[in-house]
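Everything below concerns the one structure shown next.
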Amino acid sequence: MTIRNDLEGMIEAATTAAMASGDLPQVPLPEIVIETPARPEHGDYATNLPLRLARAARANPLDLAKTIASRIPVTEMLRAAEAAPPGFVNFRLSEPWLARQVDAILAAGADFGNVPIGNGKRVQVEFVSANPTGPLTAGNGRGAAIGSVLASVLEAAGYHVEREYLVNDAGTQTEVFGRTLVARYQQLLGKSVEIPADGYPGEYMIDIAKRIRAESGDAYDYATIDEPPPAMVLRGVEMIVEGIRADLQRLGVHYDVWFRERSLYDSADGPSVYDTAMARMREQGFLVEKEGALWFASSELGEDKDNVVIRSTGRPTYFASDIAYHYEKFHTRGFDRVLNVWGADHQGHVSRLKAAVQALGVEPARLEILIYQLVSFRRGEELVRLSKRSGNIVLIRDIVDEVGEDAARFFFLSRSADSQMEFDLELAKRQSSENPVYYVQYAHARIAGIIANAGDRGFSSEGADVSLLSHPMEQDLVRKMLQLPELVQLMAERSEPHHLPHYAQELATAFHQFYTECRVLDDEQMPLSKARLRLCEAARIVLARALTLMGMSTPDKM
RNA sequence: GCGCUUGUAGCUCAGUGGAUAGAGCGCUACCCUGCGGAGGUAGAGGCCGUGGGUUCGAGUCCCGCCAAGCGCGCCA
């Protein structure tokens, strides 16, 4: 239960009671919005409910505010509720209560920040899912950071989360990959075979060919570009996937499931998922034949056009795979909620997939597709092109090498998914020692240092009386710490992980300010030292939680 | 041409329809005879792209325009 939720309940109770007693006109209750005022004199929280009620109630908003405020009880938590012009009710938290929350945070420990809004519902977060035709580019890093943190946030919000990577090992790109692989392989054998015009020119393909040659001897010497041996192609894909997995691991990203697109077509144990999904679409009358191809009649569901699912060649499109894949997610595995994190280049695919899911009998709201805008990279003035086909690509491992995994994650995370971001590699490298990530981690190291120092000097928080924590800096630090659960809720509800880095910075600032103003270890003031030491312990827990949610390390020394 | 997203300080970006628009970097001036100075304090710097509209109230919502990124039936 967050403070906001408590206040919301109190406001609603006060308002409805006032209406019942005739102190307020009986009008429909608008949504109760609780904001955090920008100015301290406006309290810790505020609601604009009186302003929202004024029109319907045909009353002066300030009068409404006074009526509501007078019915808000003072509690252990709440020191005062005050009406303020033009029609706010401002809430002030009780200082003793704030101080006591230090013990509450310590009791919660690593669970502090959790909110029980997910009710154990099963949500799948699918992210990155880049084609296994080459190493991950720097641009994939944004999806990796957003997806993995969103997954952590949803877990903290009480969902049962599964992280998934879709390995596209069945489509056209895989075929092109296979032909390129055979070409490189034959080149190793001294044959003058050109890689296909639409193939993958990167040097890594030569390495893959070499490794296959090394582990398979001459088994594939017969291979031709026209008919790449399936086992060889699969092995090549496997090697690429291993590389992708390693790159993601270096970024601190882990998955529960690596799902093979190919498995959708597996009919060894009865009808394939693909066949089942297509049959379902057909039964519902959403598949129509025209121009020699099979189309999903998405225009019947409000889309501006139909989409091909089976080409005139008889091969299914990627869209068909995706339909089958989402049938599998919802019907076979039964996720309550599915969250796909996609780059903006897939934007055009969003609404037709939602339509397809609807055609499969799934409420479209259960599928959320989070689009993040693409990242452009430059080195100083020079723009860097990002394409697996271009020679001049930046890989995610290059980024990690240059700025470190923590800084890379923090940087990718701190922009909202909607905003295009520009990543200047030179700048990132040059400023790395002054990157906000170090500011935040330094705060954690500083706390750890104090706590270690306390142990060495015989200080202990044992038997601390946290009610001594009445200094404004102490109180502000606690206030900031208490925002984490609310932030987790907000991020889970809106799928906006980018608030976390900003929060972490604010929390670090609150600690640094406290540290500057308040000496923790003081032989002359033992009781206060104990209380402040305990405050440090709580601050460490909250800062560590914020860092951990972001997938960053929590250094004790730097 | 159509669709999605974006335009806020010199730069990179936050900002739940509310009260005097914020942070980091950069710039200027300060603060260590005390626990980690990778820190703290203060300051300069804004017609929130632009023109209308809705509203008691708009950086935030709606419409037009300008600009940028991405996409636009059998690539993924």
Side-chain angles (χ1 to χ4, degrees), chain A residues 33-39 41-42 46 48 51-52 54-55 61 84-88 90 129-131 133 168 171-174 176 198 291-295 298-299 303-313 315-322 343-352 371-374 376 411 414-424 427-428 431 433-443 445-454 456-457 459 490 494 498-499 501-502 505-506 508-509 511-513 515-522 529 532-533 536 557-558:
Chain A
V33 176
I34 296 173
E35 59 196 59
T36 50
R39 306 173 61 79
E41 58 265 38
H42 295 145
N48 58 7
L51 287 161
R52 290 167 161 261
R55 172 175 286 250
F88 294 98
N90 295 333
S129 299
N131 277 335
T133 54
N168 292 111
T172 309
Q173 294 309 314
T174 303
V176 174
D198 59 350
E291 300 169 26
L294 193 65
W295 300 66
S298 36
S299 55
E303 292 295 290
D304 44 3
K305 57 199 169 203
D306 294 344
N307 296 95
V308 172
V309 287
I310 300 180
R311 302 177 175 95
S312 44
T313 62
R315 303 283 309 272
T317 61
Y318 171 74
F319 187 38
S321 271
D322 230 7
D345 51 340
H346 290 70
Q347 168 63 235
H349 192 55
V350 171
S351 69
R352 63 173 174 263
I371 297 291
Y372 62 88
Q373 298 301 310
L374 301 184
S376 56
F411 188 91
S414 49
R415 276 76 170 157
S416 84
D418 284 338
S419 100
Q420 299 151 213
M421 60 180 274
E422 200 169 78
F423 199 137
D424 185 335
L427 199 66
Q431 293 187 338
S433 68
E434 287 161 10
N435 195 301
V437 66
Y438 294 99
Y439 178 84
V440 175
Q441 289 182 322
Y442 177 69
R446 209 176 206 186
I447 298 171
I450 293 168
I451 292 173
N453 192 8
D456 294 345
R457 292 175 46 186
F459 285 89
L490 178 82
R494 306 198 334 195
H498 71 277
H499 300 291
H502 296 279
Q505 273 184 92
E506 290 169 5
T509 296
F511 179 78
H512 287 312
Q513 288 173 334
Y515 175 86
T516 303
E517 294 284 323
C518 303
R519 175 155 188 97
V520 178
L521 306 178
D522 185 349
S529 292
R532 285 181 171 167
L533 189 54
C536 287
K557 288 181 178 165
M558 292 176 65

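Here is the naming used below: chain letters follow the sequence lines, and residue numbers restart at 1 for every chain. Side chains included, hydrogens not; waters and symmetry mates left out as well; all remaining heavy atoms used.
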### Query
Looking at the side chain of Phe88(A), which of G73(B), A76(B), G18(B) is the nearest nucleotide?
G18(B)
### Message
Pairing check on U60(B): which nucleotide meets the Watson-Crick or G-U wobble criteria with it, both distances under 3.5 Å?
### Response
none
### Opposite nucleotide pairing with G10(B), Watson-Crick or G-U, both atom distances under 3.5 Å
C25(B)
### Query
Which way is the base of G10(B) turned, syn or anti, if we draw the line at 90° from 0?
anti
### Query
Which of the following nucleotides, U20(B), C35(B), U16(B), is nearest to the side chain of Asn453(A)?
C35(B)
### Task
Under 4.0 Å between any heavy atoms, over every strand shown, what does Phe319(A) touch: base, sugar-phosphate, or nothing? Just pick one.
nothing
### Query
Roughly how far apart, to the nearest Å, are C70(B) and G64(B) at atom P?
23 Å
### Query
In whole Å, what separates the C1' atom of A29(B) from that of C35(B)?
28 Å
## Note on the structure
Sorted by position of nearest nucleotide on RNA chain B, 5' first, the leading residue of Gly292(A) and Ala443(A) is Ala443(A)
### Query
When the nearest nucleotide of RNA chain B is assigned to Phe423(A) and to Tyr439(A) on a heavy-atom basis, which residue is associated with the more 5' position?
Phe423(A)
### Query
What is the nucleic acid contact for Ala38(A), judged by heavy atoms within less than 4.0 Å: base, sugar-phosphate only, or nothing?
nothing
### Arg457(A) vs C35(B): side-chain N/O to OP1/OP2 distance below 4.0 Å
no
### Task
Just name whichever nucleotide pairs with C65(B), Watson-Crick or G-U, keeping both distances under 3.5 Å, else none.
G49(B)
### Query
Val308(A) side chain: which of G3(B), G73(B), A14(B) is closest?
G73(B)
### Message
Using OP1 and OP2 only, check whether a side-chain N or O of His498(A) sits under 4.0 Å from G15(B).
### Response
yes
### Task
Could you verify whether a donor N or O on one side chain and an acceptor N or O on the other, from Tyr318(A) and Thr172(A), lie under 3.5 Å apart?
no
#### Entry: C75(B) OP1/OP2 closer than 4.0 Å to side-chain N/O of Arg311(A)
yes
### Summary
Considering only heavy side-chain atoms of Leu51(A), the closest of G18(B), A19(B), A23(B) is G18(B)
### Message
Roughly how many Å apart are A38(B) and A44(B), using the P atom of each and rounding to a whole number?
### Response
28 Å
### Message
Using Watson-Crick or G-U wobble geometry with both distances under 3.5 Å, which nucleotide pairs with G39(B)?
### Response
C31(B)
### Query
Looking across every strand, which nucleic acid part, if any, lies under 4.0 Å from Ala46(A) by heavy atom: base, sugar-phosphate, or nothing?
base
### Query
Using atom P of each nucleotide, how far apart are G18(B) and C4(B) to the nearest Å?
25 Å
### Task
Take atom P in G15(B) and the same atom in U60(B), then report the distance between them in whole Å.
14 Å
### Summary
Separation of G24(B) atom P from Phe411(A) atom CZ, nearest Å, is 17 Å
### Query
NA contact type, Thr172(A), heavy-atom cut-off 4.0 Å: base, sugar-phosphate, or nothing?
sugar-phosphate
### Query
Mind checking who U55(B) pairs with, Watson-Crick or G-U wobble, both distances under 3.5 Å?
none
### Message
Let me confirm one number: the CZ-CD1 distance from Arg532(A) to Ile450(A), rounded to the nearest 0.5 Å.
### Response
11.0 Å
### Message
Once hydrogens and angles are ignored, does a donor-acceptor distance under 3.5 Å link the base of G71(B) to the side chain of Asp345(A)?
### Response
no
### Query
Does OP1 or OP2 of U41(B) have a side-chain N or O of Gln513(A) closer than 4.0 Å?
yes
### Message
The side chain of Glu35(A) is closest to which nucleotide in this list: A19(B), A38(B), C35(B)?
### Response
A19(B)
### Query
Does the side chain of Ser419(A) get closer than 4.0 angstrom to OP1 or OP2 of A14(B) through an N or O atom?
yes
## Note on the structure
His346(A) has its side chain closest, among A76(B), C35(B), G40(B), to A76(B)
### Message
Under 3.5 Å for both donor-acceptor distances, Watson-Crick or wobble: does C2(B) have a partner, and if so which one?
### Response
G71(B)
### Summary
Ranking G69(B), C13(B), G73(B) by distance to the side chain of Trp295(A), first place goes to G73(B)
